[in-house]
Structures are given as C-alpha cells and as structure tokens.
Amino acid sequence: MIAPAAETAASYLPPAGAPVRVRFAPSPTGSLHVGGGRTALFDWLFAHGEARRSGRDGAFLLRIEDTDQNRLVEGATQGIYDALSWFGLTWDEGPDKGGPLGPYTQSERTALYQEHAETLISRGHAYRCFCTPERLERVRQEQQARKEPPGYDRHCRDLDPATVAANRESGLPSVVRFAMPRDGETRVHDLIRGEIVYRNATIDDRVLLKSDGFPTYHLANVVDDHLMAITHILRGDEWIPTAPLHIRLYAAFGWEPPILAHMPLILAPGGGKLSKRHGASAMEEFRANGFIPEALMNYLALLGWSLDGETEIFSKDDLLERFTLGRVSPSPATFDHAKLRWFNQHYINHVLSVGDLALRLVPFLADAGLVPSETGPNHPAFPLLRDASALLKDRLETLADAPDLMGFLLRDELDPYDAALLVPKKADPLATLEALVAVQEALADVDVTDEAATEARLRALAETLGMKAGQLFMPIRVAITGRTQSPGLFETLRVVGPDRVRARLAAAIALLRRHGDESLSAD
RNA sequence: GCCCCCAUAGUCUAGCGGCCCAGGACGUCACCCUUUCAAGGUGAAGAUCGCGGGUUCGAAUCCCGCUGGGGGUACCA
C-alpha cells in the first residue's frame, strides 16, 4: 500500500465545493477498444479519485453516442457495459442507471439537437445546406486536382432566405452546417499540452445536423456536455483537430466550455493505431485471452500516466489514491503485449490469493472440460482445483494457460505421450525401465501425500541404484505428468494422489516395455 | 497536399536549468538457487537525451529551425 500524498488543489480543479463531472461517451459500433478502456479508466480515476480526494463531488457518467444509424452494432451497448463492469469501473449516471440529466442515449435526444441547431441558424451561426453528396464529391475531386486543401466550399452559406424556404417547401433534403468565422483564430486550451492556436480560415463549415435528422458528433457532444454539466472532457488525441470547432460552438451558444484534456494515443508495435491486426485490441478479447482486470488496469494506467517513474504496481485503490490528471503525458505510447503479460503473471502469482485464482480459472477450465462450470468454493471439485492452482500459479501467464498446464492434475487419464520422453538424455531405456519398476516397489509402502517421506525414499533409492537424483526423478515426472516440465516432483505426487500415481507408474512401465520391444524388433 | 500533435535505451517511463557523462520497469543476456520448467535472487549489455542552431556561467530540461513518427482532413465517432 502506498501512502496518500499531501494534496494541493490542482489548478484545473473547480473551486472548492463545486462538483467535477466527467463522461465516457463511446459509440456502440463494435467492441470497446483498449484505448477507450483507458480513457474510461482515467475518467473514473479523475472523478472518483482525484476529485473526491480533494473534497469535491466527483461524478463519472456513461453516455451512449449512437447518432450514426448506419454503424450501429446490435448488442454493442451491452458489450460496453459488460467490458466496463468486468474492468472494474462503475458509473454514477448512464442509460441503464438513469440520473438527473438524462436521457443518456443520444438517439433519445434528437429533438434537443434539432432545437439547438435551429437556435444556431436563427443567430446566424449555422445554415441549411442543400448540396448533394455527388456535388460534394465533385468539389473534393476538383480541389484535389488543383492541390487545394479539401473542404466544403461554403456554396450554401449565403443562400437567400427565400431560396432556403422554397427548397425546404419542396422537400429537398438538407443538412445544417456551422458557419465558421472566416478569419481570426481560435485558441484551444488543452490541459495536457497547453494552448493550441488555429487559423479559422483553415477550418471548414462542418455538418452539425445530418439529413436524416440525427446530429453529428460535434453538435451532440457539445450540447450534451453542456446540458449534462460536464466540467472536464477526457478524450482521445484524435479529437484535437476538431476541438476548435467545438470551442466555436460553445461560443456560438454562449456557453462556457469544459476543460479539455486529450489523452495520448495508444499505438501498435509497428506504428499506427492499435487494431485487430496486432493481436488483441478490444477489452473483451483480453478478458477472453485470460487477462485479469487488475493487471490490465495497472498496465493501462501506466500507458500515459506515471506517479514517479519508479512505482510499477498499483492496485485499484492505489490508483484512486494517487492518480492525478496533471501527470498524464502528451506523447503517444506503444502497446507492449509482453509487458502486459508480465503484469498479468505478476498478479496471478503474487497478488491474487490461491482461492481467488482457482475461481477465476473455472470458466477457462470448464471450456476445456476439466472442471464442471458450476465449480465454486464448496463444490467437490474445488479442493483439487485449488491445489492445482497453488502448484501451477507461478507458471501461468494468463488464465487461458491453465487447461494445458493443469490437465494432468484435473484428469484421471493422462493424454498419450511419447515413450521416449520417459528415458532421460544419455540414459539407457532398459535401465530406465528397471528404475521405474524399482520406484513402483519403493512407493508401494510410502504415503505420497507426505512429501518429505516420499523425497527421502526416492533419494535413497537413487543412491541404491547408483543414479543421480535428477536422473531418477525425470522418468517419474514424465510417468506422472506426461511431460518433461512440471512443478516440483514431490508436491506433484502429493496432489496427483496415491491411486493415480500407482496407475500412471504402471502405465508408464507398460508403455516402456512395448517401446523397448518395438525398438528391438526394429533393429 | 493542407492542418495539428508528439519526440529520453527495442518498449513504457522518471527528469520540469546545476543533485544526470541520465534513474526505474518490461524485454534481452549471464550467473545463483535447483529434481525439470517456471518463479525468485544477483548482475550485465543497451540512450552521442532525434538533428542543427541559439539563450545561459551552466540545457535532456527554455527558444527557433529541420527531421522523424503519429493523428485529422466524412451527412463516422
């Protein structure tokens, strides 16, 4: 546990007594990306951690941005809830939770956006545009041909009111565009990077309301953040280029903009945005691949944030205690699967209790048919699972490694293995066979659940046979586990238990006899 | 092309003008422990602080330029 730091109020926090409200606003167009997961984490840590530590109310809300009817993916919203819940984040307001400033699903707020678009039009900050997609495409191509920067040519910006009315009357489809100031500049204050200055002339008139009546991100996000009393916007770096538009929108509405903080991008190992091509990139994939949420959280927290450059292990409580938005770095970070695996291994081996680990292993082992899926702490299968977990936890990098590594403990029959494995390198098959027979006899009157007794007996046997202990232990290991790598031999024997030890030794001896005959006849 | 962001070892990072000829972690390598493999322990290699100019008694730290990487450039978010 890390001691809480003496907290001096950061400059980006509101005056004492005023609340901090942040939101995570994913669109339900697929599974939740780790980049989104990290943004949600930082949102949550800021609201529930930093803000509350400093004596302010901190609220974390979830808003579903489903304004693109063409990209909606069925079940995606539920998937987002599941991913965030699994990750360990809880939200105070959201579509499923309700709250004072809902609804929290944008498709239920369309009237609101339309009203606000009209307000902008009436104030001269926006206008109806009747340009067809075909015309827009043509303009774009012409601009490219002339090597001009692409962008809307403001064709409809100064249509006279009569034309607009006539077009609307005749049912011509239209969008609402923002009337960006044509000169001057817009200053965006980013909490992480400082001030960014844009020349207004380089920003075109973006669409606010689409022809299907739904808003674009720009309008919906500004209207909702204001109406939901959001104080700080945490979002990905990819939003920096549209930040000036948003700032202009706040100004056009006469609203005070929230504090903006753009989180550094998460890059793929080869460069570029992290995607499916680079292995897992969605929260649910990490879950399915056997990563535990505590480890993922620890790893993700350190991608872009650090406490002191020294401390590496942070529990969820540590993070709530120590995270500060001000220490988030502006530079993009490359996702390193190897380091994530290290964290996961560390949590499995050193942080989780054995009982906890055993329980988390159940879904993975059940899928492989190794334990009943209903296995719980009081299930008859649990004690063996627990013992198996204790034995193998130091070589589990992910929960998904368990079926392969623990099969020999959880099943009575061993998977078929190559008889040659029984014979150590540079050892004689016949001598090995005799040694195993001797082991069989020696173990007949030894209680294998007594590790010390078993070890004493087998070491003595090795001496009697004139073998090095390791030479004798390897054939036993293979006979009992079916593989050349296993936990310590004596603890393995203990957990496998007397009956299976006996049966597996007999099976190994039989296998070696057959193998010997075959190699003789092959000569 | 245009706009914008970023820049300390392969990777994540500490550093916010002298404590740094640069600290921690992952990865890599070696050794130790040892019945195998892990885990663990110890140690090593690895960064002309992207390059070039300034500012300063003094720069990884401040300023400018360049280069490189990345993002944006949709009636997607």
Side-chain angles (χ1 to χ4, degrees), chain A residues 25-29 65-68 70-71 129 131-133 136-137 140 143-144 146-152 173-177 188 190 192-193 196-199 201-204 206-212 214-218 220-221 235-244 262 264-265 267 269 271-273 299 302-313 329-343 345-346 349-350 392-397 405 424 455 458-459 462 468-474 476-478 481 483-490 492:
Chain A
S27 59
T29 52
E65 308 218 330
D66 57 345
T67 55
D68 187 343
N70 302 316
R71 297 205 313 152
C129 167
C131 292
T132 62
L136 261 18
E137 181 55 31
R140 209 168 299 138
Q143 287 167 330
Q144 258 167 25
R146 274 180 272 127
K147 298 204 183 260
E148 285 171 9
Y152 181 56
S174 67
V175 301
V176 174
R177 287 184 183 272
V188 173
D190 178 84
I192 314 291
R193 299 153 236 271
I196 306 171
V197 183
Y198 295 83
R199 292 197 316 282
T202 64
I203 304 169
D204 70 349
R206 302 298 294 262
V207 171
L208 300 179
L209 204 61
K210 300 181 264 189
S211 57
D212 64 1
F214 281 89
T216 59
Y217 171 86
H218 312 297
N221 147 68
R235 60 178 16 167
D237 181 305
E238 69 270 23
W239 290 108
I240 293 179
T242 49
H262 293 96
L265 242 28
L267 268 26
K273 294 195 281 193
Y299 175 68
L302 258 13
L303 259 196
W305 173 83
S306 71
L307 176 67
D308 53 13
E310 308 273 310
T311 319
E312 297 282 334
I313 302 301
S329 143
S331 48
T334 305
F335 195 89
D336 183 354
H337 288 274
K339 190 156 187 178
L340 205 215
R341 293 182 81 81
W342 178 84
F343 273 107
Q345 171 274 126
H346 178 86
N349 193 193
H350 301 293
L392 275 319
K393 73 185 181 90
D394 62 1
R395 57 203 74 202
L396 246 36
E397 276 197 318
L405 258 23
E455 178 163 6
L458 289 178
R459 284 194 187 280
K468 282 181 149 178
Q471 282 287 100
L472 178 62
F473 294 171
M474 186 49 84
I476 304 175
R477 164 173 294 111
V478 174
T481 67
R483 46 174 74 209
T484 55
Q485 301 173 356
S486 81
L489 183 58
F490 310 107
T492 300

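Within every chain, numbering begins at 1; the chains are lettered A, B, ... in the order of the sequence lines, protein sequences first and strands thereafter. What you see is a predicted model, and the numbers here were worked out from it, not measured in a lab.
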Pairing partner (Watson-Crick or G-U wobble, both distances under 3.5 angstrom) of C2(B): G72(B)
Output the rounded distance in Å from CG (L307(A)) to C1' (A14(B)). 10 Å
Given A25(B), is OP1 or OP2 found less than 4.0 Å from the side-chain N or O atoms of T311(A)? no
Just to be sure I understand the rule, does P150(A) reach a base, reach only the sugar-phosphate, or reach nothing, if contact means heavy atoms closer than 4.0 Å? base
What nucleic acid atoms does P215(A) come within less than 4.0 Å of, heavy atoms only: base, sugar-phosphate, or nothing? sugar-phosphate
Below 3.5 Å, does any donor atom in the side chain of T202(A) face an acceptor in the base of C3(B), or the other way round? no
Nucleotide nearest Q485(A) (side chain, heavy atoms from C-beta), chosen from A77(B), A39(B), U36(B): U36(B)
Heavy atoms under 4.0 Å, any strand shown: does K273(A) hit a base, just sugar-phosphate, or nothing? sugar-phosphate
What is the nucleic acid contact for T484(A), judged by heavy atoms within less than 4.0 Å: base, sugar-phosphate only, or nothing? base
For a quick test of reading the model: is some side-chain N or O of S306(A) closer than 4.0 Å to OP1 or OP2 of A14(B)? yes
Using the P atom in both, what is the distance from A59(B) to C3(B), to the nearest Å? 34 Å
Specify the separation, in whole Å, of atom CG of L340(A) and atom P of U13(B). 14 Å
Tell me what A469(A) touches on the nucleic acid: a base, only sugar-phosphate, or nothing, going by heavy atoms under 4.0 Å. nothing
Describe, in one word, how the ring planes of H350(A) and H346(A) are oriented to each other, choosing from parallel (under 30°), tilted (30 to 60°) and perpendicular (over 60°). tilted
D336(A) bridged to R341(A) by N-O distance under 4.0 Å: no
Applying a 4.0 Å non-hydrogen cut-off, can you work out what R193(A) is touching in the nucleic acid: base, sugar-phosphate, or nothing? sugar-phosphate
For the C1' atoms, the ones on A47(B) and on C12(B), what distance do you get once it is rounded to whole angstrom? 15 Å
Are the aromatic ring centres of W342(A) and Y299(A) under 6.0 angstrom apart? no
CZ of R140(A) versus P of U73(B): gap in Å, rounded? 11 Å
Check every strand shown and say whether S486(A) touches a base, only sugar-phosphate, or nothing at a heavy-atom separation below 4.0 Å. base
For C49(B), give its Watson-Crick or G-U wobble partner with both distances under 3.5 Å, or none. none
Spell out yes or no: do the side chain of K339(A) and the base of A25(B) have one donor N/O and one acceptor N/O closer than 3.5 Å? yes
C26(B) pairs with, by Watson-Crick or G-U criteria that keep both distances under 3.5 Å: G10(B)
A74(B) OP1/OP2 closer than 4.0 Å to side-chain N/O of K210(A): no
Donor-acceptor pair, distance only, cut-off 3.5 Å: does the side chain of S27(A) make one with the backbone of D66(A)? no
Calculate the interatomic distance between L267(A) atom CG and G10(B) atom P; express it in whole Å. 16 Å
Rounded distance in Å between the P positions of A22(B) and G10(B): 16 Å
Below 4.0 angstrom from OP1 or OP2 of G40(B), is there any side-chain N or O of H350(A)? yes
Between G15(B) and A60(B) - C1' atom distance, rounded Å: 8 Å
Establish, with yes or no, whether the OP1 or OP2 oxygen of U35(B) is under 4.0 angstrom from a side-chain nitrogen or oxygen of R459(A). yes
Residue whose closest nucleotide on RNA chain B lies nearer the 5' end, L489(A) versus W305(A): W305(A)
Taking any heavy-atom pair under 4.0 Å as a contact, classify G304(A): base, sugar-phosphate, or nothing. sugar-phosphate
Taking atom types as modelled, is there a side-chain donor on H262(A) or R193(A) under 3.5 Å from an acceptor on the other? no
Considering only U13(B), C76(B), G10(B), which nucleotide approaches the side chain of D336(A) most closely? G10(B)
I'd like to know if the side chain of D237(A) reaches the main chain of P332(A), judged simply by a donor and an acceptor atom lying under 3.5 Å from each other, with no hydrogens or angles considered. no
Cation-pi check for Y152(A) against R177(A): NZ or CZ below 6.0 Å from the six-membered ring centre and within 45 degrees of the axis, yes or no? yes
Counting any heavy atom closer than 4.0 Å, what does G488(A) reach on the DNA or RNA strands: base, sugar-phosphate only, or nothing? base
Atom P, compared across A30(B) and G70(B): separation rounded to whole Å: 34 Å
Between R177(A) and C75(B), is there a side-chain N or O to OP1/OP2 distance below 4.0 Å? yes
Using heavy atoms to find the nearest nucleotide of RNA chain B for W342(A) and P241(A) separately, return the residue whose nucleotide is more 5′. W342(A)
When the distance from OH of Y299(A) to P of A25(B) is rounded to whole Å, what number comes out? 17 Å
Which part of the nucleic acid, if any, lies within contact of Y198(A), taking any heavy atom under 4.0 Å across all strands shown: a base, the sugar-phosphate backbone alone, or nothing? sugar-phosphate
If I pick the C1' atom on C29(B) and the same atom on G46(B), what distance separates them, to the nearest angstrom? 11 Å
Would you classify T29(A) as touching base, sugar-phosphate or nothing, given that sugar-phosphate means primed atoms plus P, OP1 and OP2, and contacts are heavy atoms under 4.0 Å? nothing
Would you kindly give the CD1-to-P distance between I192(A) and G70(B), to the nearest whole Å? 22 Å
Atom P, compared across G65(B) and C5(B): separation rounded to whole Å: 12 Å
d(CG, D394(A); C1', A39(B)) in whole Å: 5 Å
In whole angstrom, give me the gap between the C1' atoms of C33(B) and G43(B). 15 Å
Regarding P133(A), tell me which of base, sugar-phosphate or nothing describes its non-hydrogen contacts under 4.0 Å with the strands shown. base
Please report the distance, rounded to the nearest Å, between OH in Y152(A) and P in G72(B). 24 Å
When all nucleic acid strands are considered with a 4.0 Å heavy-atom cut-off, which category describes E65(A): base, sugar-phosphate, or nothing? sugar-phosphate
Hey, does V207(A) reach any base, or is it just sugar-phosphate, or nothing, if we go heavy atoms under 4.0 Å? sugar-phosphate
